[in-house]
Protein chains: 2
Amino acid sequence: MPQTARKRRPEARPDEILDAALAVFGEQGFAQARVEDIAKRAGLSKGAVYLYFPSKDAMLNALVEQSAGKLARAAEQLVAIGAPGDPETALRSLIRMLLTAMSDPDISAAPRLVLTEAGRSPEIAAHYRSQVLDIARRAMGRLLEAGVASGHFRPVDRDALMRVMGGPCIAHMVLTTIFDLPPKDITDPAEMADALCDLILFGLVPREEAA
Amino acid sequence: MPQTARKRRPEARPDEILDAALAVFGEQGFAQARVEDIAKRAGLSKGAVYLYFPSKDAMLNALVEQSAGKLARAAEQLVAIGAPGDPETALRSLIRMLLTAMSDPDISAAPRLVLTEAGRSPEIAAHYRSQVLDIARRAMGRLLEAGVASGHFRPVDRDALMRVMGGPCIAHMVLTTIFDLPPKDITDPAEMADALCDLILFGLVPREEAA
DNA sequence: TGTTACTGACTGACCGGTCAGTTATAACGC
DNA sequence: GCGTTATAACTGACCGGTCAGTCAGTAACA
């Protein structure tokens with residue numbers, strides 16, 4: 001009966017190990033995490049893990065590579081579909097998606113790992129740069145172009161816009177998941193996303209009421 | 001002659017060690033850094049370091065505690081002086097200061113360390129929260145209040161504003177110092193700061209020309 | 001001669017990675 | 001079905017390197 005636990009399913013192993021690795025790395029950080037703990041959580045012995053991954057670093061790389069693309073591709077698609085018609089709504093959905101993802105500790109575990117480990121590992125930094133940042137930058141550029149072309153947006157600097165859109169999402173992630181500093185006034189990620197969009201779109205300085 | 005090196009200056013040691021620690025931690029990260037390297041850079045042997053600090057963790061804590069307050073206090077003062085008279089200029093100076101600091105690898109080393117190590121060490125997280133984040137949040141609140149009272153700012157959510165102002169600074173730091181991703185269009189931190197302020201103050205959506 | 005500041009060889013714990021050995025399953029003959 | 005063999009999947013004790021932290025001893029001053 002619970003013999004199922006001992007069944008051999010070599011095809012499923014790599015993903016199981018990566019799931020366990022994400023959980024353990026997320027809880028303890030890469031350096032503190034022990035390969036044996038990852039193995040235990042995946043229901044294996046340490047040796048078995050090394051049948052599927054050549055090193056602890058390789059696990060982290062595979063992890064980043066796997067989860068990195070997902071968000072970036074989702075963001076890219078969202079922009080590709082929404083930007084031409086209604087850039088403002090596309091921007092709102094994009095930030096809403098990002099902030100919701102960043103508020104969930106399970107989903108944000110991978111980006112958080114990148115943030116803490118990229119400085120140590122040039123390989124991870126390079127991966128993330130090409131698989132996420134470059135894609136995000138391109139998508140942002142396209143969104144901006146579409147908005148400017150249709151008169152919805154001002155022609156601002158793309159890299160500044162990238163920082164103004166992505167930065168608050170990172171800040172939100174850091175504040176909530178690392179410093180346990182939830183905002184007192186706004187608790188729902190979607191609400192926070194709306195407040196951020198409002199600021200990004202309309203600015204802090206009031207508009208003259210003369211429309 | 002180079003006997004000067006062996007002169008005893010026990011009072012100066014702690015700071016010398018912390019300087020060395022900041023440099024080594026900044027270059028290699030906390031986990032990778034060896035206490036012996038810190039000692040060497042401070043012109044001491046490993047044992048001597050342990051006369052002044054009880055552990056490697058204690059060095060990191062002292063480091064964070066020391067450098068944490070500086071920026072926060074500078075920001076607080078800047079706001080306290082500038083906000084009542086001209087909130088918009090105060091905001092511009094604040095972001096300019098932050099972004100310039102973040103662009104300098106030497107100055108941003110401490111915040112970067114906090115970012116990478118706070119998840120592992122509750123003590124550091126707590127320190128930073130009370131010594132930097134709470135102060136920054138208070139200052140931001142005061143700046144906002146002053147601006148709203150004088151009609152310069154709209155009454156937006158304080159935590160959203162904090163994310164919109166601080167986030168891009170963090171993003172800039174991460175992009176430039178971790179991912180070596182300098183913007184193609186803007187290279188000078190001050191210029192980037194101006195572009196960011198422009199976006200934050202006036203928003204992405206163009207204003208009706210009817211003033 | 002006593003005290004203070006410091007040295008650096010050493011200890012012990014820890015953990016990534018290995019590999020000789022074990023077990024479950026499949027394959028085959030009968 | 002039922003032993004027999006082959007092999008893929010897995011185990012966990014062990015090895016080797018690293019490094020935080022210790023401490024017996026030394027050098028510099030007062």
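Letters A, B, ... mirror the listed sequences (proteins, then strands); counts begin at 1. The model shown is predicted, which means the values in this text are computed figures rather than measured ones.
Legend: salt bridge (Lys or Arg N to Asp or Glu O under 4.0 Å) pairs involving residues 76-94 of chain A, not counting sequence neighbours, sorted by first then second residue: A/E76-A/R138, A/E88-A/R92.
If you take NZ of B/K56 and C1' of D/dT22, they are 17 Å apart, rounded to a whole angstrom. The distance between atom CD1 of B/I38 and atom C1' of D/dC19, rounded to the nearest whole Å, is 12 Å. Taking atom OH on B/Y50 and atom P on D/dC23, their separation rounds to 13 Å, with Å as the unit. Here D/dC10 presents its P atom at 9 Å from CD of A/E16, a figure rounded to the nearest Å. For the pair B/Y52 OH and D/dG21 P, the interatomic distance rounds to 18 Å; values are reported in whole Å. Atom NZ in B/K40 sits roughly 9 Å away from atom P in C/dT7 (whole-Å rounding). One can place CZ of B/F30 at 13 Å from P of D/dC19, the figure rounded to the nearest angstrom. Computed from coordinates, the A/E36 CD to D/dG12 C1' distance equals 8 Å when rounded to whole Å.
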Under 3.5 Å, which donor-acceptor pairs link side chains of residues 35-49 of chain A to any protein atom two or more places apart or in another chain?
residue	atom	partner	partner atom	Å
A/R41	NH2	A/E27	OE1	3.2
A/R41	NH2	A/E27	OE2	3.1

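Within the 4.5 Å cutoff, the side chain of A/I200 has heavy atoms near those of the A/I95 side chain. The side-chain heavy atoms of A/L91 and B/L204, taken from C-beta on, include a pair separated by under 4.5 Å.
A distance-only check finds a donor-acceptor pair linking the side chain of A/S130 to the backbone of A/H127 [under 3.5 Å].
Across D/dA9, D/dG21, D/dT11, the shortest atom-to-atom separation from the side chain of A/L44 is found for D/dT11. The side chain of B/V35 sits closest to D/dA20 out of D/dC10, D/dG21, D/dA20.
Open room surrounds CD on B/E123; 12 or fewer heavy atoms of other groups in view lie less than 6.0 Å from it. More than 12 non-hydrogen atoms from other residues, nucleotides or ligands lie less than 6.0 angstrom from CD of A/Q28.
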Nucleic acid footprint by protein, nucleotides 13-18 of chain D - heavy-atom cut-off 4.0 Å, B for base, S for sugar-phosphate alone: ------

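A/A33 comes within 4.0 angstrom of the backbone, heavy atoms only, and of no base. Note on B/L51: a base of the nucleic acid sits closer than 4.0 angstrom, heavy atoms only.
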